[in-house]
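See below for the structure under consideration.
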Number of protein chains: 2
Amino acid sequence: MEENRKELKIVLIGAGNLATNLGKALKQTGYRILQVYSRTAEAASVLSKEIGAEPVTSLARMTTQADLYIVSLKDSAFTELVSQITAGREKAFFIHTAGSISMDIWKGYAKKYGVLYPMQTFSKKREIDFQEIPCFLEAGTSKDLQILKSFAYTLSRKVYEADSEQRKFLHLAAVFACNFTNHMYAVGEKLLHEHGLPFETMLPLIDETVRKIHELSPPEAQTGPAVRYDENVIRKHLDMLADKPEWQALYKQITLSIHTYKYD
Amino acid sequence: MEENRKELKIVLIGAGNLATNLGKALKQTGYRILQVYSRTAEAASVLSKEIGAEPVTSLARMTTQADLYIVSLKDSAFTELVSQITAGREKAFFIHTAGSISMDIWKGYAKKYGVLYPMQTFSKKREIDFQEIPCFLEAGTSKDLQILKSFAYTLSRKVYEADSEQRKFLHLAAVFACNFTNHMYAVGEKLLHEHGLPFETMLPLIDETVRKIHELSPPEAQTGPAVRYDENVIRKHLDMLADKPEWQALYKQITLSIHTYKYD
């Protein structure tokens, strides 16, 4: 890990959205990725081609000679594979990139290990500037944390430390602020389309909603019928969703949550 | 209404977030606002001062001589006041700015009327460029629509037509995409603060979530444990919210809604 960028031998385990974006960032930063592992042959092959690595679809064929193994797998797959991933690789450094998985998953399996959690939403179709992504680090020892930090700073300007407990909550907060938010857009879009209105007309509103919280705190920025508790409007909206019981329940639950939020 | 900008006599009824931003935009565009009505003396006085109008706190003292009356009141207040607002003002043009109120509220009370709904989130603390705000118009007659359109184009580059039914759904969609989204930020912020993490670390994620939907449709942009249906992670998150039953219910409801959304 302390070697020259080009001499560090990296294996990427996983070829999903995060792995794809991380792999590209590593390559652009000057790192060499030996192999990309994915159970799915196509995913392994697509990403490998893009970053000049060898695709492997079986852990038995994964090299034991890399210096750094970076795991970006779905949580359940990772738990099953941790012993195979680490076996015969005593000298390597292992990191995973999941917000929701404790660092302890490595305990008993690896000597040098840690976590590098890039808090961002990744899609294969969109490339994003890794330098701007907040990366949260944790490592097994303070020495390993220093090593991981040096590595992380080559990828991002925004490096923080966070223990497993904090990271879990970062991930949970990210689900609210990103995944759940995007679903609100999806609902909005469908409501507009059903009434012959283009989604683009909402973008200025959506953009401003975000610009606002760069200046005001989210509770200060809260507007709308729920925070005013405008029962008239709320009732009308619930009626309008009568033929969509799931969205009606969603509207009720979020309105209740806004109404009972402690704003001070 | 067809007169010169400076000669058009406008009264603003309401001094809330929308009225404040609209009043400022009118003044900047060169219009003259005679009076600002608000039941709340302070609100009337603050906005009047800013835009060089006279504050009135009683409708009895509102001039009958204006050409255009713009109503930005809470829905329930508006319904109660419509007859007083219009009485003795047969020649005037009346518009309201509410997404959720039908244009028919004017019927039987006014001759020339319509709706100008600026779809945006307004706060008194933030000034925003009205030229970029999508404004949705509706009027009682096609002639009045033309008049309203000319007026609206002096304020915004983005003028659309929408009937009352469409506007209701625009407003509902806006509640999801703006108010509900902001609440997701508020929940995220609180979760971070409770674990000693600054909210700023979330801003790159929030910004990217929005940039994405300028290129991908919201369903295409959807990521996270709910859309993957990663039950492991979902279960952990629900456990983490065990001491916050309201947010736990919120998490469940949104996850269910993401999971059952028709993505094709």
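Residue A:Y185 comes nearest to B:A177 through the heavy atom pair CE2-O, 3.6 Å, listed as atom of the first residue, atom of the second, then distance. For the residue pair A:I101 and B:K236, the shortest heavy atom distance occurs at CA-NZ, 4.3 Å. In this structure, A:A221 and B:N182 approach most closely via the heavy-atom pair CB-OD1, 3.6 Å. Closest heavy-atom contact between A:S123 and B:T223: OG-CG2, 4.4 Å. Taking both residues in full, the closest heavy atoms of A:I254 and B:I254 are given as CD1-CD1, 4.3 Å, listed atom of the first, atom of the second, then distance. The nearest pair of heavy atoms linking B:Q120 to A:P204 is NE2-O, 3.3 Å.
The contact between A:F122 and chain B is made entirely by backbone atoms, counting heavy-atom distances below 4.5 Å. Looking at A:N17, the atoms closer than 4.5 Å to chain B (heavy atoms on both sides) all sit in the side chain, from C-beta outward. Only the side chain of B:F199 comes within less than 4.5 Å of a heavy atom in chain A; its backbone stays farther off. A:P118 does not touch chain B: none of its heavy atoms, backbone or side chain, sits under 4.5 Å away. For B:N232, the part lying near chain A is the side chain, with the backbone staying farther off; criterion is any non-hydrogen pair under 4.5 Å. Interface remark: A:E132 contributes backbone atoms only to the contact with chain B (heavy atom separation under 4.5 Å). Interface remark: A:I133 contributes no atoms to any contact with chain B (heavy atom separation under 4.5 Å). Of the two parts of A:F169, the backbone and the side chain both hold a non-hydrogen atom closer than 4.5 Å to a non-hydrogen atom of chain B.
With B:T121 as the partner, the side chain to side chain donor-acceptor pair (under 3.5 Å) test is satisfied by one option alone out of A:R211, A:Q222, A:K212: A:K212. Of the options A:V210, A:T209, A:I206, a side chain to side chain contact (heavy atoms under 4.5 Å, CB included) to B:C178 is made by A:T209 and by none of the others.
For the set B:K158, B:M240, B:M119, B:K262, the count of heavy-atom pairs under 4.5 angstrom toward chain A peaks at B:M240. Of the listed residues (B:L216, B:T255, B:L170), the one with the most heavy-atom contacts under 4.5 Å to chain A is B:L170. The choice from A:D75, A:I258, A:L192, A:I128 that makes the most heavy-atom pairs within less than 4.5 Å of chain B is A:I258. Heavy-atom pairs under 4.5 Å with chain B were tallied for A:E200, A:K252, A:E231, A:K168; the largest tally goes to A:K168. Note: B:E208 leads B:M202, B:E208, B:E246 in heavy-atom pairs under 4.5 Å with chain A. Taking chain B as the reference chain and counting heavy-atom pairs below 4.5 Å, the highest number among A:D163, A:V227, A:D230 is found for A:D230. Per-residue heavy-atom pair counts under 4.5 Å with chain A were compared for B:E220, B:H171, B:E194, and the maximum is reached by B:H171. Taking A:N179, A:V187, A:L191 one by one and counting their heavy-atom pairs under 4.5 Å with chain B, the maximum is reached by A:N179. Of the listed residues (B:E165, B:H214, B:K74), the one with the most heavy-atom contacts under 4.5 Å to chain A is B:H214.
Counting only heavy atoms from C-beta outward, the side chains of B:L250 and A:L256 never approach each other to under 4.5 Å.
B:Q166 places a side-chain N or O within 3.5 Å of a backbone atom of A:H195 that can act as its donor or acceptor partner.
Cation-pi contact between B:K190 and A:Y261: present, with separation from the ring centre below 6.0 Å and deviation from the ring axis of at most 45°.
Salt bridge annotation for A:K125-B:E215: absent, with no cationic side-chain nitrogen under 4.0 angstrom from a carboxylate oxygen.
In summary, the side chains of A:E189 and B:S217 do not present any donor paired with an acceptor at a separation below 3.5 Å, with no hydrogens or angles considered.
Within the 6.0 Å centre-distance limit, the rings of B:Y251 and A:F180 are counted as a close aromatic pair.
In this structure, CD1 on A:I213 lies 7.5 Å from CG on B:D207, to the nearest 0.5 angstrom.
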Evaluate the side-chain contact (heavy atoms from CB on, under 4.5 Å) criterion for residues A:L172 and B:L241: first the C-alpha distance (whole Å), next the side-chain angles of each, then the deciding distance (0.1 Å), finally the verdict. CA-CA 9 Å; A:L172 178 58; B:L241 293 169; 3.8 Å; yes
